[in-house]
Amino acid sequence: MNDNPHDTTTPDEERSAFEKAQEEQEDVDPRTIPQRLEEPPPVGEEIEYPDYSAEDHETWQILVERQMEQLPGRACEAYMRGQDVLQLEADQIPSLANLSRRLSAETDWTVANVPGLIHEKNFFELLADRKFPSTNYVRGRDELDYTPAPDCFHDIFGHMPMLTQPDFADFYQLFGRAALNAEGADRPRLERFHWFTVEFGLIREEGEKRIFGAGIVSSNEEVTHALSDEVTLHPFDPAHIVEKDDYEVYNLQDELFVLDSFEQLVDGFRSWTKSRGLL
């Protein structure tokens, strides 16, 4: 991602959908501008638990309970199993240090506490080292339905359960390694791949469509929308995904891709990245 969202010197084919979307906005939310990490973030046991307010915990509880009413029968087995593994509390914001211990025991991932949206190089370096970057603050009540910035509900509730799934956990590390090697137009290609898998991915289980993308499971509206007839579905195909036309970054998704298995995700990603010399 370009550090300056208004810098248009990068060729169009090398700019991400986020950069293009920001250029169309008159006022760019400063929380959506990536920041560089000046020093390594605290990881695992180094992460201190914040002094959250009662309202913070209540906001977390509203978000969790609202989503958990919708997800059974809609989210995939791996995601729901990940919820059980992480033992996510509904009545209080979980400790990142505790979650890091549980992830480490399952798939050898740990949690790194980051201050917000971080620069892509920092992000990919952490993924390549099996460290998941997570914020520790929760959105305000005025952003219950949608926030353009990362927060711990999206990071914890949306992303972490899938990191307890071995195939997905291995894929995400591979993604970090490949992204560190990407240049030019391959950078937005990888962003598209991330968007349509990690954030907005679907998978078939027993003939039914199920959700696993963090952007869907953590969104009250996307859960039902993603499985509705309003969405055009495509079979998982890395070559199709990476060349996808610009997609909606701030609105409901109108096109999604469906995996047959998480093994297919790993194999497809390996094959495409090797063809590009990224792995």
Side-chain angles (χ1 to χ4, degrees), residues 63-90 94 96 98-111 126-128 130-134 152-178 193-220 222-228 231 233-238 241 253 256-272:
L63 290 166
V64 170
E65 291 181 347
R66 190 171 67 168
Q67 292 308 103
M68 290 306 294
E69 287 180 4
Q70 297 196 81
L71 291 181
R74 292 188 174 105
C76 71
E77 291 180 5
Y79 176 84
M80 298 304 292
R81 188 166 56 247
Q83 282 272 358
D84 293 337
V85 169
L86 294 178
Q87 304 170 39
L88 295 182
E89 306 98 327
L96 293 184
N98 289 342
L99 293 173
S100 187
R101 280 195 295 272
R102 292 166 192 161
L103 275 179
S104 180
E106 289 295 311
T107 55
D108 201 30
W109 274 75
T110 53
V111 177
L126 289 169
L127 296 188
R130 290 179 90 90
K131 295 181 176 121
F132 179 70
S134 175
C152 68
F153 179 71
H154 177 77
D155 293 338
I156 296 172
F157 189 92
H159 283 282
M160 290 190 197
M162 286 306 303
L163 287 173
T164 67
Q165 160 69 34
D167 286 324
F168 186 87
D170 289 345
F171 153 72
Y172 214 22
Q173 181 180 29
L174 283 177
F175 183 88
R177 290 176 174 173
F193 198 96
H194 189 277
W195 185 261
F196 286 109
T197 56
V198 177
E199 293 291 353
F200 288 93
L202 301 178
I203 188 168
R204 291 196 187 278
E205 289 183 342
E206 300 180 356
E208 298 290 332
K209 296 172 294 184
R210 295 289 183 262
I211 299 159
F212 73 88
I216 304 178
V217 296
S218 63
S219 167
N220 190 248
E222 280 284 9
V223 169
T224 52
H225 175 76
L227 300 178
S228 74
V231 178
L233 300 180
H234 304 286
F236 174 75
D237 178 3
I241 293 173
Q253 304 301 300
L256 296 173
F257 291 80
V258 188
L259 284 169
D260 291 324
S261 68
F262 290 113
E263 292 86 352
Q264 182 190 33
L265 174 63
V266 176
D267 292 343
F269 187 71
R270 280 186 185 277
S271 177
W272 182 80

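Numbers here are sequence positions counted from 1.
- Side-chain atoms of Asp170 and Arg130, non-hydrogen and from C-beta on, do get closer than 4.5 Å to each other.
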Tell me, with the steps shown, if Leu88 and Val64 meet side-chain contact (heavy atoms from CB on, under 4.5 Å). CA-CA 9 Å; Leu88 295 182; Val64 170; over 6 Å; no
For Asp260 and Ile203: C-alpha separation, side-chain torsions, deciding distance, then whether side-chain contact (heavy atoms from CB on, under 4.5 Å) applies. CA-CA 6 Å; Asp260 291 324; Ile203 188 168; over 6 Å; no
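- Side-chain contact between Pro161 and Asp84 is absent, with no heavy atoms from C-beta onward closer than 4.5 Å.
- Considering only heavy atoms from C-beta on, Val231 comes within 4.5 Å of His225 through its side chain.
- Under the 3.5 Å distance criterion, the side-chain polar atoms of Gln173 are matched with a main-chain donor or acceptor of Ala128.
- His234 meets the ring pair (Phe, Tyr, Trp, His ring centres under 6.0 Å) test with His240, Phe257; sequence neighbours excluded.
- Residues Arg74 and Thr224 meet the side-chain proximity criterion, which asks for heavy atoms closer than 4.5 Å.
- The aromatic rings of Phe236 and Phe193 sit perpendicular, their planes meeting at an angle over 60°, well past the 30° parallel limit.
- Across all their heavy atoms, Ala90 and Glu65 have their closest contact at CB-CG, 4.4 Å.
- Here the side chain of Gln165 pairs no donor or acceptor atom with the backbone of Tyr79 at under 3.5 angstrom.
- Taking the side chain as every heavy atom from C-beta outward, Thr197 and Phe269 never approach each other to under 4.5 Å.
- With values rounded to the nearest 0.5 angstrom, Ser261 atom OG is found 12.5 Å from Arg204 atom CZ.
- With hydrogens and angles disregarded, a donor-acceptor distance shorter than 3.5 Å links the side chain of Glu222 to the backbone of Gln253.
- In this structure a side-chain-to-backbone donor-acceptor pair under 3.5 Å is present from Gln70 to Asn220.
- Here Leu256 contributes atom CG and Ile216 contributes atom CD1; the two are 5.5 Å apart, rounded to the nearest 0.5 Å.
- Here SG of Cys76 is found 10.0 Å from CG of Leu71. Values are rounded to the nearest 0.5 Å.
- A side-chain contact (heavy atoms from CB on, under 4.5 Å) with Phe212 is found for one member of Leu259, Val198, Val217 and no other, namely Leu259.
- Scanning both residues, Ser218 and Gly158, for their nearest heavy atoms gives CB-CA, 4.2 Å.
- Taking both residues in full, the closest heavy atoms of Ala169 and Leu163 are given as CB-O, 3.6 Å, listed atom of the first, atom of the second, then distance.
- For the pair Ser134 (side chain) and Val111 (backbone), a donor-acceptor distance under 3.5 Å is absent.
- Heavy-atom contacts from other residues, nucleotides or ligands closer than 6.0 Å to CZ of Arg270 number 12 or fewer.
- By the ring pair (Phe, Tyr, Trp, His ring centres under 6.0 Å) test, His194 is found to be paired with Tyr172, Phe175, residues two or more places apart in sequence or in another chain being considered.
- A pairwise comparison of heavy atoms in Gly82 and Thr164 identifies CA-OG1, 3.1 Å as the closest pair.
- Phe171 places none of its side-chain heavy atoms less than 4.5 Å from the side chain of Asp267.
- Ring geometry for Phe153 versus Phe157: interplanar angle under 30°, hence parallel rather than tilted (30 to 60°).
- Rounding to the nearest 0.5 Å gives a distance of 8.5 Å between CZ of Arg81 and CE of Met162.
- Looking only at distances, no side-chain donor or acceptor of Glu205 sits under 3.5 Å from a matching main-chain atom of Arg210.
- You'll find the side chain of Asp167 stays beyond 4.5 Å of the side chain of Leu265, heavy atoms only.
- Between Trp109 and Met160, every side-chain heavy-atom pair lies at or beyond the 4.5 Å cut-off.
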